[in-house]
Number of protein chains: 2
Amino acid sequence: MSDEPSKGRAPSIRDVARLAGVSHQTVSRVLNHHPSIRPETKQRVLDVMAEVQYQPNRAARALVTSRSHTIGILSSQSTQYGPASSITAIEAAAREAGYWVSTANIDASDDRSIADGLAHLVAQGVEGLVVIAPQARVFDTLAQRSIDVPYVSLQSTGQDPDHTLSVDQIAGARLATRHLIELGHRNIYHLTGPQDWIEAEARMRGFLEEMSASDVPTTAPILGDWTADFGYYAGRELLTVRDFTAIFSSNDQMALGLMHAIRDAGLEIPRDVSIVGFDDIPEAAHFWPPLTTVRQDFAELGRRCVALLLGSDAGAPEPRDAIVPELVVRSSTGRPAF
Amino acid sequence: MSDEPSKGRAPSIRDVARLAGVSHQTVSRVLNHHPSIRPETKQRVLDVMAEVQYQPNRAARALVTSRSHTIGILSSQSTQYGPASSITAIEAAAREAGYWVSTANIDASDDRSIADGLAHLVAQGVEGLVVIAPQARVFDTLAQRSIDVPYVSLQSTGQDPDHTLSVDQIAGARLATRHLIELGHRNIYHLTGPQDWIEAEARMRGFLEEMSASDVPTTAPILGDWTADFGYYAGRELLTVRDFTAIFSSNDQMALGLMHAIRDAGLEIPRDVSIVGFDDIPEAAHFWPPLTTVRQDFAELGRRCVALLLGSDAGAPEPRDAIVPELVVRSSTGRPAF
DNA sequence: ATGAGGCGTGTGACCGTGCACATGCCCGCA
DNA sequence: TGCGGGCATGTGCACGGTCACACGCCTCAT
């Protein structure tokens, strides 16, 4: 019965075609900017589209083209500053390139959750995959499923350079460590992130490398979990012995907890203990004292990430060198007391 | 030519059907847990599915059902702790309900960006929409487009209660303010968030309400921007006069900046100035001194959010009362010096 | 015995888009 | 004059699911 009115569903190209007096294919051509269309025809179609508020159906298009114009992000811990910043940066860069982003937050300690998240993104037809989850497990699952989607991992594993992109965590950690050594510290502890975070491991490696390169005796790193709470308790624990003059923390939050514990013990920073963090979260400049830390350029990371993903089609020779982070010296570090 | 091998495309229900010796419809029934299927037939189909690693094509399903099983989140400032936590909580709750989440980060100061983000989510066929962006603008666009998708805003506007869900920011702000008043403070400043954030406005209103309810003379609030940097500069500015004994900051980051400025001026917290924040970010307990603040239950918020969105179908009588936040008293507040 | 009805399954259409191919027209060149 | 070729447009099918309906078979009440 109903000939022109929409019957509950949104208008399709066929509705537009009928109203404009052309074939559905012509409408499709207008949508895809096909060159061979008479300007007046094109205009007529565009007018009708505007009139009926036509919106292309993404599902239908994805169905036939198998393309979604979407990049998937597999992420865990997305409330953390690092991952959150990366996501935002990637989103911005993707938008720039005309792509959209779909995020799946996973519990990286749960294989099932990883597989589900991955399946979700793949089922959505993402054309690229960014993994911001730490676990090697994720890569296993990825390989196992013989994913045919280009992917990038935002971690510095060192291995598998084709799929890895990152701030050079090792270099950053060496920067931080060298800074402490140059100030004269010899008894330096390192507080790591969770052992299954590849980033955490890289920072630890950087620490150890720089220590031995400078012939400073190394102490065993303390395994942390990124949280300020942990930093606090670790600090209390360490202070029962107090055989150090500086601590390099794997992120700023733990550094904050450490400083809390140190002050609680009646000590002063940096007079009694020097502290270096990692990340340079926006708050770090306002810690007490303002934190010396290592800054990562997340925006640049996001940009390169998208370029790498999308460029693999175009074969663009994207610079794949790791981004070198930068040491930001503030007031939480100084020469040891003696 | 090729009869069984996959021809580049992923296997479809028809491939599975052929291999299992049934019709494609039977496969579909297995997928949808149709009751009338002989167990052995079902098993055979499931076996084939596992064998060929069958994955239902989401686009195809969405095309015919017009359902995506996806909830859209329109968000700005998603690196902020509040929004990020909300997103994570919503995602968790949605997954619980068998839904997925698609996020669109927008620049809330740009109408075009808002419209684009909205269009993106709608085009994706989201079945519900959560808006975590502050601007009234977003709602205008929403109304203007006569969106037929149920939506919820995570802001306490007070108006339009059907589409609003939030922590009761006003109550939280009153809690914080009353705490200061009860300690004996009379000269209290308030540092707000950006004026176009509805949450910021609500907290300001709570502050003003409590002040006048307690007959304390009110000072004009200071317009902030959520950042610790701003808190620092605002603090420096305020200290040139120093006509106050307490400050209630609209979030924890600005409180951190304030404390930085106060210490820089050689003053002590809370002896000389008391500080209250808002959010209870995980780091707040380790600020110096540990911050008295207002805690919001984001997980609960996310849960209710999803329930409200999905429940509107089922007609479930979901509690729509605002979630009442909780005051966490730590060491940044105390009685005024005299 | 017969018809109603449920169960397990198959057939064909349809969702909205893009692609391959066909069509008619006009232009230019041999 | 005939024909190749580009332009503007149309026709029909494919994509991978779901839905409405049909079909045999068996059971059970009439």
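Order of the sequence lines fixes the chain letters, A, B, ..., with proteins taken first and strands second; residue numbering starts at 1 for each chain. As a basis for the values below, the full set of heavy atoms in this structure was taken, side chains included, without hydrogen atoms, waters or symmetry mates.
With hydrogens and angles disregarded, a donor-acceptor distance shorter than 3.5 Å links the side chain of A/T70 to the backbone of A/S68. Put simply, the side chain of B/E127 never gets that close to the backbone of B/R67: no donor and acceptor are under 3.5 Å apart.
Non-hydrogen atoms lying under 4.0 Å from DNA chain D are contributed by B/P56, B/N57, B/A60, B/R61, B/L63, B/V64, all within residues 56-64 of chain B.
Annotation: side chain of A/L301 is in contact with side chain of A/S86 (closest heavy-atom distance under 4.5 Å). For the pair B/L310 and B/Y99, the minimum side-chain heavy-atom distance is below 4.5 Å. Contact of the A/I90 side chain with the A/I132 side chain is registered, since non-hydrogen atoms from C-beta on lie closer than 4.5 Å. A 4.5 Å side-chain heavy-atom check between A/V101 and B/N105 finds every atom pair outside the cut-off. Residues B/L46 and B/Q43 meet the side-chain proximity criterion, which asks for heavy atoms closer than 4.5 Å. Between B/V52 and B/D15 there is no side-chain heavy-atom pair separated by less than 4.5 Å.
At its two ends the helix from C/dA1-D/dT30 to C/dA30-D/dT1 runs along axes set 60° apart, each axis drawn from five pairs and the angle rounded to 10°.
Under 4.0 angstrom from either OP1 or OP2 of D/dC19 there lies no side-chain N or O belonging to B/T65. Contact check, A/T41 against D/dT9: a side-chain N or O comes under 4.0 Å of OP1 or OP2. Close to C/dT11, at under 4.0 Å from its OP1 or OP2, lies no side-chain N or O of B/S23. Neither OP1 nor OP2 of D/dT9 sits under 4.0 Å from any side-chain N or O of A/T26. Contact annotation: A/R38 does not reach the phosphate of D/dC7 (side-chain N/O to OP1 or OP2, under 4.0 Å).
For A/R14 and C/dT17, a side-chain-to-base donor-acceptor distance below 3.5 Å is present, hydrogens and geometry of angles not being considered. At a cut-off of 3.5 angstrom, the base of C/dG18 holds no donor-acceptor pair with the side chain of A/H34.
Rounding to whole angstrom units, CZ of residue B/R67 and C1' of D/dG17 are separated by 15 Å. With rounding to whole Å, A/I13 atom CD1 is found 15 Å from C/dC14 atom C1'. In this structure, NE2 of B/H24 is placed 11 Å from C1' of C/dT9, rounded to the nearest angstrom. In this structure, A/R9 places its CZ atom 10 Å from C1' of D/dT18, rounding to the nearest Å. The CG atom of B/N32 sits 7 Å away from the P atom of D/dC19 (whole-angstrom rounding). The interatomic distance linking A/Q55 (CD) with C/dT17 (P) rounds to 10 Å, in whole Å.
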### Full working for side chain to side chain contact (heavy atoms under 4.5 Å, CB included) between A/L129 and A/L118
CA-CA 9 Å; A/L129 203 54; A/L118 196 58; 3.5 Å; yes
### Task
Check the pair B/E40 / B/R44 against salt bridge (Lys or Arg N to Asp or Glu O under 4.0 Å), numbers first and verdict last.
CA-CA 6 Å; B/E40 55 203 83; B/R44 192 149 30 100; over 6 Å; no
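Under the side chain to side chain donor-acceptor pair (under 3.5 Å) criterion, B/Q296 pairs with B/Q169, B/D279, sequence neighbours left out. Partners of A/E51 under the salt bridge (Lys or Arg N to Asp or Glu O under 4.0 Å) rule, at least two apart in sequence or in another chain, do not exist in this structure.
Nearest-nucleotide positions on DNA chain C for A/V27 and B/I37 put B/I37 closer to the 5' end. Residues B/L31 and A/P35 both approach DNA chain D. Their nearest nucleotides, taken by heavy-atom distance, put A/P35 toward the 5′ side.
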Validation: residues 21-33 of chain A side-chain donor-acceptor distances under 3.5 Å, sequence neighbours left out:
unit_1, atom_1, unit_2, atom_2, d
A/S23, OG, A/Q25, N, 3.4
A/S23, OG, A/T26, N, 3.4
A/S23, OG, A/T26, OG1, 3.3
A/S28, OG, A/N32, ND2, 3.4
A/N32, ND2, A/S28, O, 2.8

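Candidate nucleotides C/dG10, C/dT9, D/dT18 were compared by shortest atom distance to the side chain of B/V22, and C/dG10 ranks first. In this structure, the nucleotide among C/dG18, D/dA8, C/dC15 sitting nearest to the side chain of A/S36 is D/dA8. Considering only the side chain of B/S12, D/dG16 comes nearest among D/dG16, C/dT9, C/dC15.
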Pick out the pairs of N or O atoms, protein on one side and nucleotides 20-23 of chain C on the other, that lie under 3.5 Å.
none

